[in-house]
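Data block below; observations after.
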Amino acid sequence: ELCVGCGICIKKCPFEALDIIQLPEELDTPVHRYGPNAFVLYGLPQPVTGKVTGVLGPNGIGKSTAVKILSGQVKPNLGIFEREVSWEEILKFYAGTELLDYLQQVAKKTIRASIKPQYIDFIPKVFKGKVGDLLKANDERKQLDHFIRELALDTILDKDLSTLSGGELQRVALTVALSKEADFYFLDEVTPFLDIYQRMIAAKLIRELAESHPVILVEHDIAILDMVAETVHIAYGKPAAFGIITRPKGVRIGVNQYLEGFVAEENVRIRDYPVVFETRGHESDVEREILMEIPEMTKTFPGFTLKVAGGEVRRGEVLGIVGANGIGKSTFAKLLAGVETPDDGRKFDTVTVSYKPQYVTANTSDTVEFLLRQATRRFDSSYYQHEILEPLGLMPLLQSEVNHLSGGELQRVAIALCLSRDADLYILDEPSAHLDVEQRLVTTKVIKRAAEDKGAGIMVIDHDMYTIDMISERLLVFDGVPGANGLATGPFEMKEGMNKFLGLLGITFRRDKTGRPRINKPGSYLDREQKAAGEYYYYN
Ligand code: ADP
Ligand code: ADP
Ligand code: MG
């Protein structure tokens, strides 16, 4: 006999894992169940014209399923799979709710949806040819020139799709989704591989679209989601088993409940610890030895010069690295790793470096376990189980073939692989890409502990400001002109580094009552006040 709560367990409700004090009313009837023992979804997000509606929650919790229902690709079965459920029954179930009007359109099959999928690496496999041709073929809203200008696509229009970097492909995919004429827009993660400046532009374009169309956005960069969405639905449950999508909440309250780990109206604890942000910059109370001196270096490519001002790295610290795309961060990593030689010909080879590249590719049919065993002799130790495999959620993936993993799974394997190797210095390039918020939190802890335990230095390049805030003890800041020149300075203490970096971008953050940083509206009173005071991030 199946549990009435989820239909997947036998007389034992899996909700107990969630500490649900009172079952929310929405849970009386599921929206959709894939099969007798398959994933079940409760609740749907509500597309609203003139608004960006955010969805906040882990991967595998039913967001795509919800979108397939809202776009008419999947007919909801209300949890009944023994027989065909009619639209009449479905609409009756939604009578009196805000979703009724919308679902009536879906039932009439008149809804047209435009979707930016989460993983975009399939695009060059499906569409052949030049960027410009793909964009022109989809230019239904006649805004292409605007998008090309804002997202700086002019230099890649003649490029073949198969040659694009992840950040370029992301901007192309977003442009295609925004260009279509549709009744409903669904954007599944827009920030991976974009720098902060590009994230802000993407946010602006999404808001412009939402003035006249309903947009639903799934986004794990919370600072950006907070800025772009008016309302959010929190999605929670047990990935791959069941998912619950809450009713909409104001974005500030919704994000805070999510970070707090307690969804108040529903009375559900979704995490047993809150996420807290430092309000003054981090001062490590540990005395740290010096691990290495970063030498002064220059590296010139045709059309691009990187200058590194030097500095020192301490044992056990995590250094955040911030700077625009195309400003020389990867080149810097390669110089330290001895993969590239500086202009003076003196290769830097005093430390061993373990490097996780920004774009992780899977081209082996080896299993995850096989790959990790090759990188470490400690695979069977309890340390490795507790500090790497379990927190990164790799236990269920060990026997999977690497080339069958999703982007988020592959990212976690790549992080584990990087930390498994013996090295003096670890460099992780955009570890947050494709990870959900929960996974970003856990990864932050895993990386910090690895630095302490190994007495190594760890450098983390990332564009998610919450991740950078939580993970870094000090900051390296890259300044310059993307694609032309870069200057690496620091390491700075957090406050100084954030002021320097955000000052270059002209972006200020205020604090809400809980201490969470929120991006100020450009030109707002606080934005002007903080700029005048030179306080861009740690400001109360
Ligand atoms: P999200 O978008 O939040 O990552 P999805 O809606 O894609 O989540 O998937 C939620 C769960 O539903 C996953 O465990 C997935 O394996 C399962 N699922 C998706 N499509 C089907 C299907 N056609 N049949 C059975 N299970 C499915
Ligand atoms: P980031 O990691 O900050 O995005 P990169 O270090 O990858 O930046 O690139 C900085 C600049 O150097 C870019 O303009 C890039 O095209 C150029 N560049 C990087 N590697 C090479 C190379 N091997 N040959 C020529 N130009 C390169
Ligand atoms: Mg790079």
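Whatever order the structure lists them in is the order used to number ligands and atoms, beginning at 1. When reading the values below, keep in mind they use all heavy atoms of this one structure, side chains included, and skip hydrogens, waters and symmetry mates.
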Of all the non-hydrogen atoms in the protein, which one sits nearest to [atom], and at what distance?
atom                    : answer
atom 4 (O) of ligand 1  : Gly60 N, 2.6 Å
atom 23 (N) of ligand 1 : Tyr34 CE2, 3.4 Å
atom 6 (O) of ligand 1  : Thr65 OG1, 2.5 Å
atom 8 (O) of ligand 1  : Gly62 N, 3.1 Å
atom 7 (O) of ligand 1  : Ser64 CB, 3.4 Å
atom 14 (O) of ligand 1 : Ala240 CA, 3.0 Å

Check each atom of ligand 2 against the heavy atoms of [X] and keep those under 4.0 Å away; list them by number with element.
X      : result
Ile327 : 1 (P), 3 (O), 8 (O)
Ser330 : 1 (P), 2 (O), 6 (O), 7 (O)
Asn325 : 4 (O)
Lys329 : 1 (P), 2 (O), 3 (O), 4 (O), 6 (O), 8 (O)

Residues Asp188, Lys63: salt bridge by 4.0 Å N-O rule: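 So Asp188 does not pair with Lys63 through a salt bridge.
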Aromatic Phe262 / basic Arg271 pairing, under 6.0 angstrom, 45° off normal: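 No, Arg271 does not lie over the aromatic ring of Phe262.
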Proximity winner for atom 3 (O) of ligand 1, if only heavy atoms of Glu189, Arg33, Lys63 are counted: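 Answer by nearest heavy atom: Lys63.
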Ring centers of Tyr359, Phe193 separated by less than 6.0 Å: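 Tyr359 vs Phe193: aromatic centres under 6.0 Å.
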Centroid-centroid distance, Phe39 to His32, less than 6.0 Å: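 Ring-ring flag for Phe39/His32: false, centres at least 6.0 Å apart.
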Tell me whether [X] contacts the main-chain N or O of [Y] through its side chain, where contact means a donor paired with an acceptor under 3.5 Å.
X      : Y      : answer
Arg474 : Leu319 : no
Lys68  : Gln73  : no
Glu150 : Phe147 : no
Thr163 : Asp160 : yes
Glu230 : Val52  : yes
Glu89  : Ser86  : yes

Under-4.0 Å heavy-atom contact between protein and atom 25 (C) of ligand 1: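 Under 4.0 Å from atom 25 (C) of ligand 1, at least one protein heavy atom found.
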Any protein heavy atom < 4.0 Å from atom 16 (O) of ligand 1: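 It does not; no protein heavy atom is within 4.0 Å.
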Ligand 2 to Phe304 polar contact by distance, N or O atoms, under 3.5 Å: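 No, Phe304 has no N/O under 3.5 Å of an N/O on ligand 2.
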N/O separation below 3.5 Å, Ile61 to ligand 1: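 N/O-N/O distance below 3.5 Å exists for this pair.
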Under-4.0 Å heavy-atom contact with ligand 2, by part of Ala324 that carries it: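 Under 4.0 Å from ligand 2, Ala324 contributes backbone atoms alone.
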Stepwise ring-ring contact (aromatic ring centres under 6.0 Å, His included) check, Phe332 with Phe478: CA-CA 10 Å; Phe332 173 69; Phe478 279 66; 5.6 Å; yes
Asn59 neighbourhood, listing ligand 1 atoms whose heavy-atom distance to it stays under 4.0 Å: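 Listed by number with element, the hits are 4 (O).
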